[in-house]
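What follows is a set of notes on a single structure, which appears directly below.
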Amino acid sequence: MIDISLIRENPDRIKAACANKREPDVIDGILAADAERRALQAEGDELRHRQKDISAQVAGAFSSGNRELAESLKAEAKALSEEIKALDERQRLVEAEWSALLLKVPNLPAPEVPVGDASANIVVRSWGERPGFDFEPRNHIEIGRTLGILDMELGAKVAGSGFSLLLGDGARMSRALIALMLDIHREAGFREIAPPHLANRAAMTGTAQIPKLEADMYHVPDEDLFLIPTAEVPITNLHAGEVIPEAKLPIYYAGHTANFRKEAGSYGADTRGLLRVHQFDKVELVKFSHPDRSWEEHESLLAEAEKVLRALELPYRVVLLSTGDMSFASAKVYDLELWASGENRWLEVSSCSNFLDFQSRRANIRMRPEDGSALRFVHTLNASGVALPRLLVAIWENYQTSRGTVRIPAALRPYMHGQEEISPTV
RNA sequence: GGAGAGGUGGCCGAGCGGCUGAAGGCAGCUGCCUGCUAAGCAGUUGUGCGGGCAACCGCACCCCGGGUUCGAAUCCCGGCCUCUCCGCCA
């Protein structure tokens, strides 16, 4: 969340950020609640001070045998105690309102982020050549059906519409890609994590899925648990409530999980095949950074995600998202988009975000500086490295042949026992 | 799922309902001392909120949330977590 003192000192700047991020403006409500909260606390502290003082005199009065004085002090303290209780109740309500509103304020976009909607996004660079074909390239749904490696109907049969099901070499390729990606990241110092696929409400609030995205997550009511929409949630919350010694930073983690998203309201766009499904695998990269060095860490994190696409020799571009297109919690986001020849368009396979101290304030993740100065919030970052379904789409569509087969990228062959091609299964 | 034990500061560990933000030890920091290392002596070392330019002052925090009481780390209730035993199970 945003530092309350920043809101007090510069409300207009926060309001502008809300507008640019297309988020409702709750700043005036926060300022009002904040003022009331502070007044109530000052009043309560003063009453508690007096109450403590009188209480302390009770024992003395008793031991010196002055019963009457003791009883009158008790009565006085009792009256104060009731006054305090009433005040506490009001303070609790005001504070609940205050913090609920505070959780709805988005992070501030970094200065270099273009203001506007998706049309203001900037293509930072491109890599690789789009493949040429001397035939009409097919899309991944046709390829999947022909090769017997993807069956959306079966996914719908056992779970529902929007659940994919990979078969045979499709499932194998998915597994191989996960291994390849984790190996790449391990090489770069990312510690592998296999976290729970469910997370509690506190964790979801810490990384800011709650409150904004609560309705988009699958929920287990009995335990108040949520199926994770990204491994960012369990991994970032690994250090929730901790104070990390400065020397331990930065910390890098990589984890593979399934991810679950209702995708409510997104019907009509990208609904075909693997482009937008309710459950998908992803390798996620998470960094805990020294607060003074997160911008360098952001660039190197982007480069880390790019490694995967380069290893697989897939043409991609890097897009700097505008204020209106970026996520609630982020200060700056690069998207990685793969070219998919059958879809004939770019597909987002990774978001690489710097959250600065936005998540660490919520999850209370701090750093103890070596020079003994005050604790500071660390910075958190994450990137997909990368999402599986659209990666499969791009590989199948870009590596398809006129014979109807799919060549396996060279880097992936060692992970598939040297297999070079996926052919139709009978 | 059933039965029991327990959750105190960076760590270990004490704590008759009041003078305990919390003994003692360890670790850390600062001085002093010692020809190196070690030892020794003295002091010091939590976090958050509110107020003040500031030294500082007030309040809160002994897993979390309620309750009893003039007063709770200490008593009562609920929850969470850890450990042991039994049952069940990939």
Side-chain angles (χ1 to χ4, degrees), chain A residues 1-9 30-103 194-206 220-226 234 237-249 251 258 291 357 360-378:
Chain A
M1 66 187 126
I2 296 294
D3 186 353
I4 182 63
S5 57
L6 198 59
I7 298 177
R8 282 182 202 140
E9 286 158 20
I30 290 174
L31 291 172
D34 188 52
E36 192 178 356
R37 192 191 118 257
R38 287 202 279 178
L40 284 171
Q41 171 157 4
E43 196 181 340
D45 281 358
E46 171 61 23
L47 287 180
R48 266 185 292 272
H49 182 46
R50 278 168 51 200
Q51 210 259 357
K52 269 174 83 162
D53 205 46
I54 293 167
S55 260
Q57 293 172 35
V58 172
F62 268 123
S63 65
S64 65
N66 195 340
R67 237 176 213 299
E68 277 175 44
L69 177 60
E71 289 303 333
S72 88
L73 285 171
K74 272 174 73 167
E76 198 180 339
K78 173 84 172 166
L80 274 174
S81 169
E82 265 148 28
E83 208 178 326
I84 289 167
K85 202 169 278 186
L87 210 63
D88 278 349
E89 184 54 34
R90 271 180 65 205
Q91 191 176 353
R92 210 175 357 246
L93 291 175
V94 170
E95 223 147 67
E97 165 78 0
W98 176 78
S99 59
L101 288 176
L102 212 48
L103 290 176
H197 286 50
L198 284 85
N200 58 34
R201 185 170 290 275
M204 289 296 175
T205 307
V220 184
D222 279 3
E223 324 280 345
D224 199 24
L225 291 172
F226 297 85
N237 280 287
L238 283 182
H239 293 295
E242 289 184 8
V243 177
I244 302 170
E246 180 175 6
K248 289 228 168 119
L249 296 172
I251 300 170
D357 60 2
S360 59
R361 279 179 188 281
R362 289 177 165 238
N364 194 26
I365 309 168
R366 291 170 297 174
M367 174 195 82
R368 185 180 302 283
E370 279 184 330
D371 63 8
S373 57
L375 304 185
R376 298 174 67 185
F377 289 104
V378 305

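Just so it is clear, the values below take in all heavy atoms, side chains as well, and ignore hydrogens, waters and symmetry mates. Residue numbers begin at 1 in each chain, while the letters A, B, ... track the order of the sequences.
- Applying the 4.0 Å criterion to OP1 and OP2 of U68(B), one finds that K85(A) has a side-chain N or O inside that range.
- Looking at heavy-atom distances under 4.0 Å, L375(A) makes contact with sugar-phosphate atoms alone, never a base.
- Atom-to-atom, CZ of R8(A) to P of C49(B) comes out at 9 Å; the value is rounded to the nearest Å.
- Taking side-chain N and O atoms only, Q57(A) has no distance below 4.0 Å to OP1 or OP2 of C70(B).
- Within the structure, a side-chain polar atom (N or O) of R37(A) is placed less than 4.0 Å from OP1 or OP2 of G50(B).
- Within 6.0 Å of CZ in R201(A) there are more than 12 heavy atoms belonging to other residues, nucleotides or ligands.
- Here the nucleotide nearest the side chain of S81(A), chosen from C49(B), G51(B), C70(B), is C70(B).
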Would you tabulate the nitrogen or oxygen pairs shorter than 3.5 Å linking the protein to nucleotides 52-59 of chain B?
from: G58(B); atom 1: O3'; to: H49(A); atom 2: ND1; distance (Å): 3.0
from: G58(B); atom 1: N2; to: D45(A); atom 2: OD2; distance (Å): 3.0
from: C59(B); atom 1: OP1; to: H49(A); atom 2: ND1; distance (Å): 2.8
from: C59(B); atom 1: O2'; to: D45(A); atom 2: OD1; distance (Å): 2.9
from: C59(B); atom 1: O2'; to: R48(A); atom 2: NE; distance (Å): 3.3

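- Judged by Watson-Crick or G-U wobble contacts below 3.5 Å, the nucleotide A90(B) has no partner.
- R376(A) has its side chain out of reach of E246(A): every pair of non-hydrogen atoms, C-beta onward, lies at least 4.5 Å apart.
- Note on R376(A): nothing from the nucleic acid sits closer than 4.0 angstrom, heavy atoms only.
- In this structure, U82(B) forms a base pair with A5(B), meeting either the Watson-Crick or the G-U wobble geometry with both donor-acceptor distances under 3.5 Å.
- Listed pair R201(A) / C64(B) fails the phosphate criterion, with no side-chain N or O lying under 4.0 Å from OP1 or OP2.
- Distances shorter than 4.0 Å separate none of the side-chain N or O atoms of R92(A) from OP1 or OP2 on G65(B).
- No side-chain heavy atom of H49(A) sits less than 4.5 Å from a side-chain heavy atom of D53(A).
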